[in-house]
Amino acid sequence: MHNSQTLLSLLLKGGWLMFPLALLSLIGVYIIVERLLRYHKYLRFSDNFLKELEEQLNNGNIERIYQLCLPQENVIQKVISKGLQQRQVSAKGVELILESESNKMISFLEKNLSFLATISGAAPMIGFLGTVTGMIQTFMAIAQEKNHVSAQIFSSGIYEAMVTTVAGLMVGITAYLGYNYCIAQVNNTAKKLTCLANLFLANLR
């Protein structure tokens with residue numbers, strides 16, 4: 001209990017800039033957790049599934065491909081299923097449909113990641129702003145003292161400078177790592193989608 005109170009009092013010494021940092025922290029954590037839950041749901045495909053799907057696409061076994069993609073539990077099943085539904089259209093038409101569906105899925109996977117990227121850049125800047133305002137506060141306090149300069153005069157401004165800097169970096173680093181992990185997941189999925197969609201199209205020509 002004592003430790004939590006000490007931590008809270010230390011954070012409050014960061015001044016008013018701690019409030020936007022706290023807000024950015026909450027938003028960043030929410031986006032990361034929400035995206036990870038989405039990825040767990042829609043990016044669950046085993047190596048065996050991918051291997052068999054690729055094999056059946058190479059063989060042109062439409063019936064088995066349909067069975068593999070029928071559940072539509074992940075983005076690959078959704079995209080290939082859309083191609084199967086429209087396979088009677090011209091090859092160019094199916095290509096456009098697959099491209100459109102793939103872009104739709106990628107856009108869905110990238111949702112809110114731009115906000116996470118913004119947080120990763122904005123949080124450290126807010127922290128550095130706190131450093132500047134804290135040092136200004138310190139020098140103003142020193143200037144107002146004519147005869148005696150005590151440690152107490154320095155403490156308030158320096159606390160604000162250091163606490164906001166540390167908080168800003170922590171929020172920014174968390175958002176940066178979360179963003180890069182999510183982008184890696186999206187890019188990996190995009191490569192798989194492109195490869196499998198090309199195999200699907202190759203069997204229509």
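The minimum heavy-atom distance between Gly172 and Ala123, with the atom names listed, is N-CB, 3.7 Å. Residues Met125 and Gly121 approach most closely at CG-O, 3.3 Å, considering heavy atoms. Closest approach of Ile119 to Ala175, counting heavy atoms only: CG2-CB, 3.7 Å.
Tyr42 contributes atom OH, which lies 8.5 Å from atom CE of Met105 (distance to the nearest 0.5 angstrom). Taking CD1 from Ile65 and CD from Glu52, the interatomic distance works out to 10.0 Å, rounded to the nearest 0.5 Å. Between the CG atom in Leu98 and the CG atom in Leu84 there is a gap of 9.0 Å [rounded to 0.5 Å]. Annotation: the span from Phe115 atom CZ to Ile27 atom CD1 amounts to 9.0 Å, rounded to 0.5 Å. Note that CD1 of Ile106 and OG of Ser102 are 7.0 Å apart. Values are rounded to the nearest 0.5 Å. Interatomic distance, Leu96 CG to Gln86 CD, rounded to the nearest 0.5 Å: 11.5 Å.
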Practice prompt. Given side-chain contact (heavy atoms from CB on, under 4.5 Å), test Gln185 with Asn188 step by step and report yes or no.
Written response: CA-CA 5 Å; Gln185 294 294 308; Asn188 187 41; 5.6 Å; no
Fill in: side-chain contact (heavy atoms from CB on, under 4.5 Å) evaluation trace for Cys69 with Leu53
CA-CA 9 Å; Cys69 296; Leu53 181 57; 4.1 Å; yes
Practice prompt. With side-chain contact (heavy atoms from CB on, under 4.5 Å) as the test, would you mind laying out the steps for Ile32 and Thr174 before giving the verdict?
Written response: CA-CA 9 Å; Ile32 291 172; Thr174 301; 4.2 Å; yes
Practice prompt. Let me see the working for Leu50 and Ile76 under side-chain contact (heavy atoms from CB on, under 4.5 Å), right down to the final yes or no.
Written response: CA-CA 9 Å; Leu50 291 173; Ile76 289 178; 3.5 Å; yes
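Under a 3.5 Å cut-off, the side chain of Ser107 and the backbone N or O of Asn103 do not form any donor-acceptor pair. Proximity of a side-chain donor or acceptor of Tyr39 to a complementary backbone N or O of Leu109 within less than 3.5 Å is detected. Under the 3.5 Å distance criterion, the side-chain polar atoms of Thr131 are left unmatched by any main-chain donor or acceptor of Thr165.
There is no path of hydrophobic side-chain contacts, each under 4.5 Å, that joins Tyr30 to Ile173. When the side chains of ILVMFWY residues are joined at heavy-atom separations under 4.5 Å, either directly or via intervening members, Tyr179 and Leu169 end up in two distinct hydrophobic clusters. Both Leu129 and Leu23 are part of a single hydrophobic cluster, where members link through side-chain heavy atoms under 4.5 Å apart. Hydrophobic clustering of Ile, Leu, Val, Met, Phe, Trp and Tyr side chains at less than 4.5 Å, counting indirect connections, unites Leu43 with Ile183. By the criterion of side-chain heavy atoms lying less than 4.5 angstrom apart, applied directly or through intervening Ile, Leu, Val, Met, Phe, Trp or Tyr residues, Val29 is not grouped with Tyr176; the two fall into different hydrophobic clusters.
You'll find the side chain of Gln77 stays beyond 4.5 Å of the side chain of Phe45, heavy atoms only. Taking 4.5 Å as the limit, every side-chain heavy atom of Arg35 sits out of range of all side-chain heavy atoms of Leu116. Counting heavy atoms from C-beta outward, Tyr66 and Leu70 have side chains that approach closer than 4.5 Å. Inter-residue side-chain proximity for Lys82 and Lys78 is flagged as unmet; no heavy-atom pair is nearer than 4.5 Å. Using a 4.5 Å heavy-atom cutoff, the side chains of Ile126 and Thr164 are not in contact.
Glu99 meets the salt bridge (charged side-chain N to carboxylate O under 4.0 Å, His left out) test with no other residue; sequence neighbours excluded.
Among Leu68, Ile62, Leu196, Leu201, the one residue that satisfies the side chain to side chain contact (heavy atoms under 4.5 Å, CB included) test with Leu57 is Leu196.
The stretch residues 104-133 participates, sequence neighbours left out, in no salt bridge (charged side-chain N to carboxylate O under 4.0 Å, His left out) pair at all. Applying the salt bridge (charged side-chain N to carboxylate O under 4.0 Å, His left out) test to pairs two or more places apart or on separate chains, those with a residue in residues 38-48 are Glu34-Arg38.
Heavy atoms from other residues, nucleotides or ligands lying under 6.0 Å from CE of Met170 number 12 at most.
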